[in-house]
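See below for the structure under consideration.
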Amino acid sequence: MAAEKRYPVPPETADHALLSREAYERMYRRSLEAPDAFWAEQAEAFLTWFETWDRVSDNDLTKGQIRWFEGGKLNVSYNCLDRHLDTHGDRNAIIWEGDEPGVTRHITYRELHADVCRLANVLKSRGVSRGDRVSIYMPMIPEAVVAMLACTRIGAVHSIVFGGFSPHALRDRIVDADCRTVITADQGLRSGKPVPLKENVDKAIDGLDAVHSVITVRHTGNPVSWNDARDIDYGKALAAASDECAPEAMDAEDPLFILYTSGSTGKPKGVLHTTGGYLLQAAMTFKYVFDYHDGEVYWCTADVGWITGHSYIVYGPLANGATSLVFEGVPTYPDAGRFWQIIDDHQVNIFYTAPTAIRSLMGQGEELVKKHSRQSLRVLGTVGEPINPEAWEWYYRVVGDERCRIVDTWWQTETGAIMISALPGAIDLKPGSATLPFFGVEPQLVDNEGNVLEGATEGNLCLTQAWPSMMRTIHGDHERFMNTYLTTYPGKYFTGDGARRDEEGYYWITGRVDDVLNVSGHRMGTAEIESALVLHDAVAEAAVVGYPHDLKGQGIYCYVTLVQGTEPSDHLEKELASLVRSEIGPIAKPDVIQWAPGLPKTRSGKIMRRILRKVATNELDSLGDTSTLADPGVVDDLISQRANQ
Ligand code: 6R9
């Protein structure tokens, strides 16, 4: 292996940063040696509590019991809004940049607070109260943030569904979480094209009588169908509502939100996060990982439909009183210089995006970047998938002018907050490595039998200690929570990722070791895509694997076996692609559909995905042992079929 590149912390960065190397090491040690004392101090420092907790932690991973700050009372919207009003009520909480360049809005903390109270009152007037679930299906507009915070104000539990999901996927999530209220917009906008959100909601809740209220923001203003008994116009309702609403005092362990994410089997899981621990760790990681200094402008390009949007567009930044930029559009509209234009227009200091965006913009050349100044930038972050060193170097050299620190942040929907990342003033960078664990995080690498691997090595990534923002359960299915995360290696949380650790203890995430794909930073279960494909009458069986894709990180490769007597055709291929689109959404569109006369199976009928992955990547010399196959001839057919396609 070539010598690893290293970018030490420049002395001037270290001088200006919140945490030095020495402070990081001291705090990290304390977080593991005296976790309760450490987290109690942080909880005091970062959050405002109405009442203090009875006990800092009460965890037992073998039972799937995770409790932090129980008995402590607080309110998330109070922490994100009210407590900032005296000192910086007139600071922008949100700078909104619309899909169309030049369309912007600035919303101060005071204004956001007033709208959150108004919407909270509207929700109350519809009978929504503590513990009720509310589905949010919105474009990236400030009202999405208002909707989230209004739920937290009254103790309702939000369940955000990404606006790119299909009506079918939305319906499943509404039903699973038993949401009776939906907050949406008439339409979203992406690259000038409308996204029919209200129409999708109407389809999703058709026949679901339990849904009593659909609150719709007029965003594009285009006509949408309306049901007076159920539909509420957001603008009109807020105009008539009071801007005062006392925050509910929630227990630290009361549910805050449910967010669905894909696993290796079955339907998406409703990951449940609770109030105190989640908010604490979102706030604390935001401040330290991005080295946030009071008054800076911060921009995360994620969507609030993903965990990154929850923790690092809304809760982390607002709990710190920061200005968070919310962007409705896409990186390439009207051209691939849009990000850099926005950074200059709004003088963004901290920028957080995904490797897939970096790779696609890298392909457009340096000119589009260089024509914008980007002088305001100080810290650059990445998240969502491993970043290849070439993309890292480009981000560092071209976007950051070799001046900005890069934080490659590894974490998951389930972890709630960043777990492994550099800290700008404390940790030397190595391109492609997420570097070192955050406070309270004790990573461990284990082999497939669960043996703990020491020193420089590679293995399955586990976390041994519970942390405050850890998911508490899967909504409605605690057993599945245990089986997915806590029983593979008993007593530890298993991440589903593989990782390498080098001599200096730096972590290099190698990607998923289970049947979860990561396509452009979006998580998808192979099983979900397979279930969609087999809904087609012509399909007997389907198996889906990932393969390396230059831009998306991974592409979706589908093997499809047709029922007897059905012939493959381009038409059928299109039908299958559109079936997946309507079942899940455009993000799950197959990249390759290969017709397979049969699938490689063991004698017990288990599909051997290892072989399918090899065929997909054309690594035919290393198919491995095929002797356990029920019918080894299947593999030859797949290989010749692949060559003919
Ligand atoms: C935050 C988020 C989680 C999965 C995770 C891993 C991959 C995320 C990464 C990364 C390498 C990083 N992942 N960040 N891999 N380096 N910096 O993305 O949550 O959507 O739940 O995905 O994403 O495979 O297990 P989520």
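No experiment lies behind these values; they were computed from the predicted model shown. Remember, it's 1-based here, ligands and their atoms both numbered in the order they're listed. Heavy atoms only: backbone and side chains are in, while hydrogens, waters and symmetry mates are out.
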Return the residue, atom name and 0.1 Å-rounded distance of the protein heavy atom closest to atom 24 (O) of ligand 1. Asp497 OD1, 2.7 Å
Between Asp401 and Arg374, does a salt bridge (charged side-chain N to carboxylate O under 4.0 Å, His left out) hold up when you go through it step by step? CA-CA 9 Å; Asp401 286 330; Arg374 294 158 287 107; 3.2 Å; yes
Give the numbers and elements of all ligand 1 atoms closer than 4.0 Å to a heavy atom of Ile307. 1 (C), 19 (O)
Below 4.0 angstrom, N of the basic side chain to O of the carboxylate: do Glu504 and Lys430 qualify? yes
Are more than 12 heavy atoms from other residues, nucleotides or ligands located less than 6.0 Å from atom CD of Glu25? yes
Does the side chain of Glu449 pick up a donor-acceptor pair with the side chain of Asn451 at under 3.5 Å? no
Below a 4.0 angstrom heavy-atom separation, can you tell me which part of Thr409, side chain or backbone, both or neither, approaches ligand 1? backbone
Interfacing atoms of ligand 1 (cut-off 4.0 Å, heavy-atom, Thr308): 1 (C)
Protein heavy atom at shortest distance from atom 22 (O) of ligand 1: Arg523 CD, 3.1 Å
Polar contact flag for Thr382 and ligand 1 (N/O pairs, less than 3.5 Å): no
Are Tyr507 and Trp410, when compared by the centres of their aromatic rings, separated by less than 6.0 Å? no
Do me a favour and list the nearest non-hydrogen protein atom to atom 21 (O) of ligand 1 with residue, atom name and distance? Thr413 OG1, 2.5 Å
Examine the side chains of Tyr292 and Asn349 and answer whether a donor and an acceptor come within less than 3.5 Å of each other. no
Distance filter under 4.0 Å to Asn518 heavy atoms, resulting ligand 1 atoms: 7 (C), 23 (O)
Distance-only side-chain donor-acceptor flag, Thr409 / Tyr352, under 3.5 Å: yes
From the list Phe351, Trp411, Tyr298, ring pair (Phe, Tyr, Trp, His ring centres under 6.0 Å) partner of Tyr312 resolves to Trp411
Does ligand 1 have any atom that is closer than 4.0 Å to a heavy atom of Gly384? yes
Under a heavy-atom criterion of less than 4.0 Å, does Trp411 contact ligand 1? yes
Where ligand 1 meets Val383 - atom numbers and elements under 4.0 angstrom, heavy-atom basis: 1 (C)
So which heavy atom in the protein is nearest atom 11 (C) of ligand 1, and how far is it from that ligand atom? Pro386 N, 3.1 Å
Ranked by distance from atom 12 (C) of ligand 1, the top protein heavy atom is Glu385 O, 3.5 Å
Just by distance, with hydrogens left out, do Tyr485 and Glu414 show a side-chain donor and acceptor under 3.5 Å apart? yes
